[in-house]
Amino acid sequence: MSNTMDNMVTENRDEPQTDLIYCCGAITEILKFGSCRLHSGHKVLFLIIPGNPGVVGFYRTFMQTLHSMFEYRHPVWAVSHAGHCVPPDAMDMVEDAFSAAEGDVFGLNGQIEHKLSFLRQHVPRETSLVLVGHSIGCYIILKMMKGNPELKVIKAIALFPTIERMAQTPQGKVMTPVLCHMRYVAYLPLFLLSLLPEELKASLIKLVFGGICSLDHTVVQPTVGLLSGDCAANAMYMGAQEMRNVRERDNITIKKNLEKLIFYYGATDHWCPVEYYYNIKQDFPHGNFRLCENGFRHAFVLDAGREVAKMVFEWIRGDLGT
C-alpha cells in the first residue's frame with residue numbers, strides 16, 4: 001500500500017500546475033513544478049527565462065528532470081514572455097491596453113521589466129534564485145541582474161546565450177530582414193493557419209519536426225498554441241527588437257557577477273558562433289564558460305531537454321548542498 005502511495009506522490013510531483021495571470025498588463029503563463037505558492041520555507045526557486053518564442057510548455061521535460069534530480073526539494077518555475085501564450089476564453093491578451101502599449105510590454109525592454117515585475121509580485125524577497133536562461137533569456141537575465149542588484153541570485157545559467165551581436169550571426173543575417181522589414185508579410189499566412197482545426201495544426205507541426213529522430217513530443221502542443229492568433233506575431237515583434245538592440249556584450253554586468261554565471265555555448269549554434277565563446281573566454285579567463293561537446297542544437301528543448309537538465313544539475317549541485 002505504502003508503495004502505491006509513494007508512486008502517487010511521485011506522480012503528483014511530476015504534474016506541473018499552469019497559471020495564467022496578467023503581469024505588466026499582458027497575459028503571462030507560469031509553469032510550476034513543486035510548490036505553487038512560495039512561503040518562507042522555500043529557500044531556493046529555480047526560475048526559467050525562455051528563449052523566443054517564450055512558450056513555457058517547451059521547457060516541460062527540462063524542468064521536470066531538474067525538479068526530480070534535486071529530489072523535489074526546490075520549486076522549478078518558468079515564466080512565459082508577455083503575450084507568448086494563448087489567453088483562455090475569459091481573458092484577453094492585454095488587461096489594460098494603455099499600460100501594455102505605454103510600457104511596450106511585448107518589446108525586448110518591456111519583457112525585461114515584465115520579468116522583474118513578476119519577481120516583485122510573486123517571489124518573496126528573501127528567496128534565493130537559480131536563474132536559467134535560454135537564448136535571449138540569457139540577455140534578459142543579465143539585464144535583470146543589472147536592473148535589480150538586490151536579487152538574491154545564487155547562480156545564473158546561460159544556455160546557448162544570445163547576448164551580443166545577434167544581427168551579425170549567420171542566423172541573424174537571414175532573420176534580420178525578415179523580422180525587421182517583412183514581418184507583416186508573415187501575418188496573413190499565420191492568421192490563416194490559426195483558423196485550422198487543432199488536430200490539423202498538430203499534424204502539420206509533427207510533419208515539420210519529422211526530421212528530428214528523438215523529438216520530445218511534449219513540444220508539439222505548445223507549438224500548436226503558437227499558431228493561434230497573436231502569439232507568433234508577438235514573438236516576431238520581440239525578435240525584430242532583438243536584432244536591433246542586442247549588440248555589445250554587457251561586460252560590466254558579467255564582470256560584476258562572474259562567480260555566479262555559467263555559460264554554455266553550442267558548438268554549431270547559428271545564433272551564437274563559436275568565436276563568441278572564444279572571445280568571452282579570452283576576456284574573462286576566470287569565468288565558467290563551457291562549449292557543448294554533445295552536439296545539442298540551439299533549440300535543445302526539441303530533443304535534449306532531459307540531457308541538458310542533467311548537466312545543469314551536475315554543475316550546480318555543490319552550490320545547493322546536494
Side-chain angles (χ1 to χ4, degrees), residues 15-33 36 47-64 77-97 99-101 103-108 110-111 114-115 117-118 121-122 134-137 140 179 183-184 186-209 215-242 299 301-302 305:
E15 271 312 303
Q17 176 175 321
T18 300
D19 292 343
L20 283 155
I21 61 168
Y22 286 115
C23 182
C24 293
I27 191 87
T28 305
E29 185 176 352
I30 318 296
L31 185 63
K32 299 177 174 180
F33 281 88
C36 297
L47 187 65
I48 316 296
I49 309 290
N52 184 3
V55 178
V56 289
F58 289 150
Y59 297 87
R60 187 182 173 123
T61 299
F62 173 77
M63 294 167 69
Q64 190 171 5
W77 292 5
V79 55
S80 80
H81 294 321
H84 290 209
C85 54
V86 186
D89 293 339
M91 294 172 87
D92 294 317
M93 185 61 89
V94 290
E95 179 183 33
D96 170 2
S99 71
D104 191 21
V105 67
F106 300 136
L108 184 55
Q111 297 286 8
H114 172 262
K115 305 305 171 290
S117 178
F118 171 77
Q121 289 169 25
H122 300 278
H134 172 221
S135 192
I136 195 63
I140 291 173
L179 290 170
R183 188 166 84 240
Y184 303 101
Y187 288 174
L188 179 61
L190 272 172
F191 171 70
L192 296 174
L193 278 171
S194 75
L195 303 177
L196 296 175
E198 299 295 291
E199 295 77 34
L200 190 52
K201 285 184 205 164
S203 303
L204 280 174
I205 285 155
K206 283 175 187 160
L207 197 66
V208 170
F209 287 153
L215 179 72
D216 179 347
H217 287 279
T218 63
V219 301
V220 173
Q221 209 44 49
T223 313
V224 170
L226 259 183
L227 297 180
S228 318
D230 298 325
C231 301
N234 289 341
M236 291 171 77
Y237 173 70
M238 178 179 168
Q241 294 200 354
E242 290 171 38
V301 291
L302 295 179

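Hydrogens, waters and symmetry mates are skipped; everything else that's a heavy atom, side chains included, is used.
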Exercise. Any pair with a residue in residues 21-32 that passes side-chain hydrogen bond (donor to acceptor under 3.5 Å, both in side chains), sequence neighbours left out, goes on the list, sorted by first then second residue, please.
Key: Asp19-Lys32, Thr28-His114
Self-check item: side-chain contact (heavy atoms from CB on, under 4.5 Å) assessment of Leu226 paired with Ile205
Solution: CA-CA 11 Å; Leu226 259 183; Ile205 285 155; over 6 Å; no
Quiz item: Just by distance, do the side chain of Glu95 and the backbone of Ile27 share a donor-acceptor pair under 3.5 Å?
Solution: no
Quiz item: Which is it for Ile48 and Leu31 under the side-chain contact (heavy atoms from CB on, under 4.5 Å) test, yes or no, and what are the steps along the way?
Solution: CA-CA 9 Å; Ile48 316 296; Leu31 185 63; over 6 Å; no
Quiz item: Could you give all pairs that pass the salt bridge (charged side-chain N to carboxylate O under 4.0 Å, His left out) test and reach residues 217-240, with sequence neighbours left out?
Solution: none
Quiz item: Are any of the side-chain heavy atoms of Ile140 and His81 separated by less than 4.5 Å?
Solution: yes
Quiz prompt | Pairing residues for Thr218 by the side chain to side chain donor-acceptor pair (under 3.5 Å) criterion, not counting sequence neighbours | solution = Thr61, Asp216
Practice problem: Write down the atom of Cys36, the atom of Gln17, and the distance for their closest heavy-atom approach. | Solution: SG-OE1, 2.8 Å
Quiz item: What are the two closest non-hydrogen atoms of Gly83 and Asn234, and how far apart are they?
Solution: O-ND2, 3.0 Å
Quiz item: In this structure, are over 12 heavy atoms from other groups packed under 6.0 Å from Tyr187 atom OH?
Solution: yes
Exercise. Please lay out, stage by stage, how His122 and Ile30 fare under the test side-chain contact (heavy atoms from CB on, under 4.5 Å).
Key: CA-CA 11 Å; His122 300 278; Ile30 318 296; over 6 Å; no
Self-check item: Residues forming a side chain to side chain donor-acceptor pair (under 3.5 Å) with Asp96, sequence neighbours excluded
Solution: Ser99
Self-check item: Contact check, side chains of Val220 and Thr223, non-hydrogen atoms, under 4.5 Å
Solution: no
Self-check item: Glu198: partners by side chain to side chain donor-acceptor pair (under 3.5 Å), with sequence neighbours left out
Solution: Lys201
Let me check something: any side-chain donor-acceptor pairs from residues 49-59 under 3.5 Å, sequence neighbours excluded? List them with distances.
{"from": "Asn52", "atom 1": "ND2", "to": "Ala235", "atom 2": "O", "distance (Å)": "2.9"}
{"from": "Asn52", "atom 1": "ND2", "to": "Glu242", "atom 2": "OE2", "distance (Å)": "2.9"}
{"from": "Tyr59", "atom 1": "OH", "to": "Gly51", "atom 2": "N", "distance (Å)": "2.9"}
{"from": "Tyr59", "atom 1": "OH", "to": "His134", "atom 2": "ND1", "distance (Å)": "2.7"}

Quiz item: Is there a side-chain contact (heavy atoms from CB on, under 4.5 Å) between Phe106 and Gln241 once you walk through the steps?
Solution: CA-CA 10 Å; Phe106 300 136; Gln241 294 200 354; over 6 Å; no
